[in-house]
Amino acid sequence: MLDIKFIRENSELVKASAVDKKIRCDVDRLLEVDQRRRELQLELDKYRTTVKESGQQLGLMRNPGSSWFKQLIDKETSEAGREEATKRVKAEAERIQAELSEIKPKIKALEEEEGPILEEFEAAMLTIPQPADPDAPVGADDTENVEIRTVGEIRKFEFEPKDHVTLGADLGIIDIERGVKLGGSRNYILKGDGALIHQAVLRLAQDMMVERGFTPMVVPVLVKEEVMYGTGYFPGGRDQAYLCERDEKSLVGTAEVPLTAYHCDEILTEAELPIKLCAQSTCFRREAGAAGKDTTGLYRIHLFDKVEQVIICRNDVELSKKLHAEILQNAEDVMQALELPYRVVNVCTGDLGMGQAQKFDIETWMPSRDSYGETHSASRFYEFQSRRLKLRYRDGAKKIHFCHTLNNTVIASPRVLIPVLELYQNADGTVSIPEALRKYMGGRERIEKG
RNA sequence: GGAGAGGUGGGUGAGUGGCUGAAACCAACGGUUUGCUAAACCGUCGUGCGGGUAUUUCCCGUACCGGGGGUUCGAAUCCCCCCCUCUCCGCCA
């Protein structure tokens with residue numbers, strides 16, 4: 001969410017950046033509603049002042065024990081005078097009462113108009129995207145992402161390599177058929193060493209993050225809808241989430257959601273920042289609209305496990321950028337530990353999400369796709385999520401600011417098993433276990449048919 | 001799931017229709033004093049929204065005492081619905 005004042009003052013910029021992001025929103029309508037909202041508040045506040053003041057006066061007049069009343073009566077010297085004064089007060093009270101009775105319907109009418117206006121205002125605010133950073137290239141879709149660097153050598157096979165599906169089936173470590181039998185399309189089962197290597201990559205990733213000072217967390221993956229709104233996934237991405245409607249909750253597509261929302265509705269102190277968190281969680285994705293896309297194998301599936309990293313920091317653009325580089329590096333280090341060839345791309349505006357100011361994807365070489373495939377996504381949000389989440393901090397001068405938030409994948413499995421299995425396969429059909437994973441797999445060096 | 005108790009500002013906790021945006025205490029912050037760490041005293045000390053000849057720390061209005069509705073001229077306080085926490089029972093990984 002953006003600051004309404006910023007939108008008012010930069011409406012053209014906001015519109016243009018929404019166009020760049022290919023996100024539809026009606027800024028003009030929002031500004032109209034905002035205008036009316038402010039007019040209504042002004043009017044209502046005026047009436048409320050009257051009600052409050054007159055109401056209080058009325059209270060004093062009707063309470064013979066009040067100091068105000070006593071003072072009035074004490075001024076009168078005669079009994080008749082006191083009676084007269086009491087009568088006057090009573091009449092005056094009735095007048096005020098009548099006046100207030102007239103105001104009441106007016107307030108009611110204004111409130112009735114205000115309700116829907118506020119609703120529309122809030123709903124519209126949620127549809128305005130974060131403008132992309134100038135550092136993000138302008139482009140229509142992922143084909144226009146800009147490659148920043150490639151790391152590692154792409155392996156050339158001296159034999160006909162198998163894809164991960166065949167490898168997995170032959171080794172008895174991936175069972176897609178039975179996964180689909182139980183869970184429907186885009187499901188799978190990992191078995192034996194398949195299950196173990198899955199756990200191994202996750203564990204490696206988490207260990208590396210803890211080493212770097214990130215606090216490991218175990219968090220809810222079934223969250224209230226407001227948390228989904230707060231992190232920017234709702235309302236836009238509602239189709240992509242599994243909803244538990246009976247309980248008005250949603251399964252998260254990433255631990256970014258609970259991690260970023262961890263301190264929502266709080267005012268932190270500047271000294272606590274930056275907060276660095278990581279969590280392994282299962283991620284649930286409906287993949288609505290992706291029918292027919294990436295239908296084979298473990299690339300696009302309904303659930304997977306991921307270690308995610310999140311940073312909550314001071315409201316400082318330069319710092320955000322610096323930390324963005326840091327979380328990107330963390331992920332690259334994991335890929336380097338696994339000795340996988342990858343490239344980093346600067347994601348273009350048309351491929352940026354609602355709240356992202358800039359995003360770097362890591363794409364890892366996948367022989368079966370004969371291309372790099374996305375394995376990581378490092379995003380910077382500035383205040384976009386914090387405003388929605390009411391995630392704030394107080395600085396040294398006691399001024400309150402919205403935090404900046406950032407996140408990146410550390411590792412997502414089984415997608416990362418695609419390059420791991422395919423690139424580490426041997427001519428005899430076995431798969432070598434990457435050095436960095438061996439300590440999590442009983443020191444073994446290869447996966448053989450079980 | 002059943003029964004009971006309760007949800008008030010960073011924390012503890014008072015407040016049962018108006019003078020309460022909310023006592024007191026603790027914590028925090030600023031200062032004074034004694035002058036090693038400490039203690040004592042004084043002061044400050046919620047957020048959102050709107051407005052303003054304030055536009056780095058200012059003023060005014062308004063809303064907010066778990067959330068939503070209602071009664072009333074007026075509600076933290078009364079009524080209804082929901083949520084959450086705790087205790088006991090039941091069920092269960």
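Sequence lines set the chain letters: A, B, ... in the order given, protein chains first and strands last, and positions in each chain run from 1.
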Base-pairing mate for [N] - Watson-Crick or G-U, with both contacts under 3.5 Å:
N     : answer
B/A14 : none
B/A5  : B/U85
B/C45 : none
B/U72 : none
B/A23 : none
B/G90 : none
B/A40 : B/U32
B/U57 : none

Next item on the list: Rounded off to whole Å, could you give me the OH-to-C1' distance for the A/Tyr47 and B/G74 pair?
Entry: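 About 19 Å, once rounded to whole Å.
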Checklist line | Integer-rounded Å distance: B/G74 P and A/Ile103 CD1 | finding: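 Taking CD1 of A/Ile103 and P of B/G74, I get 11 Å after rounding.
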Margin query: Taking B/U72 as the reference, what is the distance to B/C86 when you measure between their C1' atoms (whole Å, please)?
Written below: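 Looking at atom C1' only, B/C86 and B/U72 are 34 Å apart.
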Next item on the list: Write down the distance separating the C1' atoms in B/U34 and B/G11, rounded off to the nearest Å.
Entry: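 Taking atom C1' in both B/U34 and B/G11, they lie 30 Å apart.
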For [X], report the nucleic acid contact type (base, sugar-phosphate, nothing); a contact means any heavy atom under 4.0 Å.
X        : result
A/Arg95  : nothing
A/Ile96  : nothing
A/Leu42  : sugar-phosphate
A/Arg387 : nothing

According to side chain to side chain contact (heavy atoms under 4.5 Å, CB included), who are the partners of [X], at least two apart in sequence or on a separate chain?
X        : answer
A/Gln35  : A/Arg38, A/Glu39
A/Val210 : A/Gln206, A/Pro216
A/Glu287 : A/Arg186, A/Arg285, A/Ala290, A/Arg300, A/His302

Margin query: I want to verify a distance call: between B/C73, B/G50, B/U47, whose nearest atom is closest to the A/Gln97 side chain?
Written below: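 For A/Gln97, the side-chain atoms sit closest to B/C73.
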Margin query: The side chain of A/Ile4 is closest to which nucleotide in this list: B/C29, B/G50, B/U47?
Written below: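 Of B/C29, B/G50, B/U47, B/G50 is nearest to the side chain of A/Ile4.
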Note to self: Taking ring pair (Phe, Tyr, Trp, His ring centres under 6.0 Å) as the definition, give me every residue that meets it alongside A/His263, ordered by chain and number, with sequence neighbours left out.
What the structure shows: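 A/His263: no ring pair (Phe, Tyr, Trp, His ring centres under 6.0 Å) contacts found.
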Notebook entry, point to check: By ring pair (Phe, Tyr, Trp, His ring centres under 6.0 Å), which residues pair with A/Tyr229, not counting sequence neighbours?
Noted result: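 By the ring pair (Phe, Tyr, Trp, His ring centres under 6.0 Å) rule, A/Tyr229 matches A/Phe234.
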Checklist line | A/Lys5 bridged to A/Glu9 by N-O distance under 4.0 Å | finding: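 Not counted as a salt bridge, because no side-chain N and carboxylate O are separated by less than 4.0 Å.
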Checklist line | A/Glu12/A/Lys15 salt bridge by N-O under 4.0 Å criterion | finding: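 Here A/Lys15 pairs with A/Glu12 in a salt bridge, since their nearest N and O are under 4.0 Å apart.
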Next item on the list: Assign each of A/Arg394 and A/Arg8 to its nearest nucleotide of RNA chain B by heavy atoms, then name whichever residue's nucleotide is nearer the 5' end.
Entry: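 This one resolves to A/Arg394.
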Note to self: Tell me which residues in residues 113-128 of chain A lie within less than 4.0 Å of RNA chain B, going by non-hydrogen atoms.
What the structure shows: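 Contacting residues: none.
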Residues 103-119 of chain A side chain polar contacts: donor-acceptor under 3.5 Å, at least two apart:
| unit_1 | atom_1 | unit_2 | atom_2 | d |
| --- | --- | --- | --- | --- |
| A/Glu111 | OE2 | A/Arg48 | NH2 | 2.9 |
| A/Glu113 | OE1 | A/Arg36 | NH2 | 3.0 |
| A/Glu113 | OE2 | A/Arg36 | NE | 2.7 |
| A/Glu113 | OE2 | A/Arg36 | NH2 | 3.3 |

Atom pairs and distances, side-chain donor-acceptor, residues 217-228 of chain A, under 3.5 Å, sequence neighbours left out:
| unit_1 | atom_1 | unit_2 | atom_2 | d |
| --- | --- | --- | --- | --- |
| A/Glu225 | OE1 | A/Arg238 | NH2 | 2.7 |
| A/Glu225 | OE2 | A/Arg238 | NH2 | 2.7 |

Please write out the pairs of protein N or O atoms and N or O atoms of nucleotides 62-65 of chain B separated by less than 3.5 Å, giving the distance to one decimal.
| unit_1 | atom_1 | unit_2 | atom_2 | d |
| --- | --- | --- | --- | --- |
| B/U62 | O2' | A/Asp45 | OD1 | 3.1 |

